[in-house]
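Counting convention: from 1, in listed order, for ligands and their atoms alike. Here the structure is a predicted model, which is why all the values come from computation and not from measurement. What you see below is based on every heavy atom in this structure, not just the backbone, and it leaves out hydrogens, waters and symmetry mates.
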Amino acid sequence: MVPVRGEGCRLWDDAGNSYLDFCTGIAVCSLGHCHPRVVAAIREQAGKLLHVSNLYQIPQQAELAREINTHHVCLPGKVFFSNSGAEANDGLIKAARRFGHHRPQPDGSPRFEVITFLQSFHGRTLGSMAATGQTKIQEGFDPLLPGFRYLPYNDAAALAAAINPNTAAILLEPIQGEGGVNTATPEFLRSVAAICHQHDLLLMLDEVQTGFGRCGDPMAWRMIAPELTPDGISWAKGMGGGVPIGAFWLSDRTIDQAGTPLSSLMGPGSHGSTYGGNPLVCAASLAVLQEIREQNLAANALLMEARIRQTIHAWQLPVIIEVRGLGLLLGVHLDPARIPTPAGKTPALVVVTKLMEHGLLLVPAGPHTIRLLPPLNVTTAEIDEALAILHRVLSDF
Ligand code: PLP
């Protein structure tokens with residue numbers, strides 16, 4: 001399939017076929033394709049200034065960081081802009097290492113270990129791949145960057161037992177997107193926060209897939225355990241609506257008696273990116289985030305989630321085991337025993353391929369789960385149209 005044009009929830013291929021796009025470039029096109037406000041912002045900025053070095057001030061970066069801090073994170077901190085989610089996570093990993101130097105072990109040796117979780121996905125760079133708790137992502141690329149430990153997700157006892165003198169930080173997704181749409185429990189997130197507090201560790205959230213309204217709140221962790229105050233956060237995907245931008249955020253909270261803010265550990269000269277946060281992508285991202293906020297699209301995500309869950313529940317189809325996730329990051333977990341699967345394919349891929357033949361684009365999440373990631377401004381009519389296709393295809397199994 002070769003997509004050549006998109007508008008809102010629709011995509012057209014080079015043969016003229018149209019699709020309802022509930023894949024959205026894997027949770028990227030949060031306002032659908034070619035949203036007029038985003039297109040206008042890109043056109044306007046492109047006519048003024050595409051790119052300058054970070055050696056100079058970039059007002060669009062400052063404005064975007066202010067939008068993020070004031071309206072989306074709502075905690076004091078600083079933002080560094082990158083080009084992707086993997087790079088944003090590399091930034092968090094570097095911050096964890098800096099923190100481990102700043103607050104070393106009693107004998108003065110730096111702490112460096114970052115705890116992550118099985119089935120997590122943090123990206124494909126050497127750093128973010130090493131952070132990823134899936135051997136299939138790492139196969140053939142060893143030796144991996146050292147300093148990571150992978151633990152079972154939602155298992156607070158295993159986490160408490162794994163903390164050791166080298167541990168510097170815990171990094172996790174509030175909902176594991178690629179790993180099968182697994183949602184952290186409120187108890188687990190609270191335990192993670194308590195363990196971080198007890199052992200002087202950084203609490204770092206990967207909101208690359210979940211952030212900016214997709215899960216029903218600007219930040220997904222607030223849907224699960226709103227009282228959490230993370231030390232670091234990474235984003236990408238939906239924040240740009242289609243332009244390549246990512247970011248990591250560090251809290252301004254003080255980390256020693258001298259009052260050093262955590263965010264100052266990554267000061268000028270400690271990190272960099274030629275393209276990260278250039279005027280063009282920042283102008284586009286600002287338009288995306290303002291539209292999400294002004295139209296209250298996080299609330300729309302929750303309304304649509306309710307509609308999807310109710311409809312699927314009413315079908316009572318034996319091939320559907322359960323629906324997981326929050327807002328418009330939803331996984332339909334399928335019974336593999338009911339899906340004839342040729343060698344080399346997964347049941348999820350078989351179903352996604354069939355859905356595409358019927359004009360609906362979805363994406364697998366792990367071998368047995370299909371993921372619904374419609375744009376946040378999706379309408380009830382589009383949801384109903386997609387669900388009708390899903391019902392037709394799943395009824396065959
Ligand atoms: N973190 C999470 C949770 C993701 O889902 C992804 C991509 O799927 C990444 C990081 C990596 O982002 P990117 O592909 O932009 O590097």
Side-chain angles (χ1 to χ4, degrees), residues 22-30 79-96 114-134 136-138 141 145 148 150 153-154 169-184 189 192 203-215 219-221 223-224 230 232-249 273 275-277 281 284-285 288 324-331 348 352 362-366 369-373:
F22 276 37
C23 164
T24 53
I26 316 194
V28 167
C29 307
S30 38
V79 187
F80 179 92
F81 294 103
S82 62
N83 307 287
S84 66
E87 281 174 83
N89 283 327
D90 277 348
L92 286 184
I93 294 162
K94 284 177 74 172
V114 178
I115 290 182
T116 66
F117 296 90
L118 296 170
Q119 302 311 320
S120 61
F121 185 76
H122 298 295
R124 305 271 187 172
T125 57
L126 285 171
S128 58
M129 174 181 68
T132 294
Q134 297 190 54
K136 74 167 192 211
I137 304 291
Q138 300 165 335
F141 297 112
L145 183 75
F148 295 92
Y150 320 107
Y153 196 59
N154 278 332
I170 299 173
L171 170 66
L172 79 161
E173 299 153 89
I175 302 175
Q176 292 183 330
E178 301 303 311
V181 191
N182 311 312
T183 308
L189 279 194
V192 173
L203 169 54
M204 307 196 302
L205 298 178
D206 179 340
E207 291 249 13
V208 166
Q209 186 157 159
T210 54
F212 296 113
R214 175 146 300 275
C215 297
M219 298 291 112
W221 95 76
M223 290 296 297
I224 304 169
I233 315 170
S234 55
W235 303 287
K237 290 191 180 274
M239 78 179 280
V243 297
I245 185 169
F248 71 98
W249 175 94
S273 166
Y275 290 120
V281 294
S285 177
V288 172
R324 296 197 291 248
L326 283 172
L328 290 176
L329 166 47
L330 292 175
V352 164
L362 257 53
V363 63
T369 303
I370 53 174
R371 203 169 2 159
L372 285 79
L373 296 163

Q: Would you give the length of the straight line joining atom CG of Asp206 to atom CD of Glu173, rounded to the nearest 0.5 angstrom?
A: 5.0 Å
Q) For ligand 1, does Glu178 get within less than 4.0 Å through its side chain, its backbone, both, or neither, judged by non-hydrogen atoms? A) side chain
**Q.** Which of the ligand 1 atoms, numbered from 1, are nearer than 4.0 Å to a heavy atom of Asn89
**A.** 1 (N), 10 (C)
Q. Which atoms of ligand 1 are found less than 4.0 Å from any heavy atom of Ala86?
A. 11 (C), 12 (O), 13 (P), 16 (O)
Q. Does a side-chain heavy-atom distance below 4.5 Å link Lys237 with Ile26?
A. yes
Q) Counting heavy atoms only, which part of Thr210 comes closer than 4.0 Å to ligand 1: side chain, backbone, both or neither? A) neither
Q) In the protein, which heavy atom is nearest to atom 2 (C) of ligand 1, and how far is it? A) Phe121 O, 3.2 Å
Q: Report the C-alpha separation of Thr132 and Thr116 in whole Å, then their side-chain angles, then the decisive distance to 0.1 Å, and conclude whether the side chain to side chain contact (heavy atoms under 4.5 Å, CB included) test is met.
A: CA-CA 7 Å; Thr132 294; Thr116 66; over 6 Å; no
Q: Look only at the side chain of Arg371 and the backbone of Gly331, and say whether a donor-acceptor pair between them is shorter than 3.5 Å.
A: no
Q. Taking the inter-plane angle between the rings of Tyr153 and Phe117 on a 0 to 90° scale, is it parallel (under 30°), tilted (30 to 60°) or perpendicular (over 60°)?
A. perpendicular
Q. Do Phe80 and Glu87 touch side chain to side chain, with heavy atoms closer than 4.5 Å?
A. no
Q: Work out which heavy atom in Pro364 is nearest to a heavy atom in Ala348; give both atom names and the distance.
A: CB-CB, 3.8 Å
Q. Do any nitrogen or oxygen atoms of Gly123 come within less than 3.5 Å of a nitrogen or oxygen of ligand 1?
A. no
(Q) Among all protein heavy atoms in this structure, tell me which lies nearest to atom 12 (O) of ligand 1, with the distance rounded to 0.1 Å. (A) Gly85 CA, 3.4 Å
Q: Decide whether an N or O pair under 3.5 Å exists between Ala236 and ligand 1.
A: no
(Q) Below 4.0 Å from ligand 1: does a non-hydrogen atom of Lys237 turn up there or not? (A) yes
**Q.** pair Ile233-Trp221: side-chain heavy atoms closer than 4.5 Å
**A.** yes
Q: List the closest protein heavy-atom neighbour of atom 5 (O) of ligand 1: residue, atom name, distance to the nearest 0.1 Å.
A: Gln209 NE2, 2.8 Å
Q) Are any non-hydrogen side-chain atoms of Thr210 and Leu326 less than 4.5 angstrom apart? A) no
Q.
With the threshold set strictly below 4.0 angstrom, can you tell me whether any protein non-hydrogen atom sits that near atom 14 (O) of ligand 1?
A. no
Q. Any N/O of Asp206 closer than 3.5 Å to an N/O of ligand 1?
A. yes
Q.
Counting only nitrogen or oxygen atoms and a 3.5 angstrom limit, does Val208 reach ligand 1?
A. no
Q | Which of the ligand 1 atoms, numbered from 1, are nearer than 4.0 Å to a heavy atom of Ser84 | A | 15 (O), 16 (O)
(Q) Looking at Met129, is its backbone amide N or carbonyl O close enough to the side chain of Asn89 to form a donor-acceptor pair, meaning the two atoms are under 3.5 Å apart? (A) no
(Q) Below 3.5 Å, N or O to N or O, backbone or side chain included: is there any such pair between Glu173 and ligand 1? (A) no
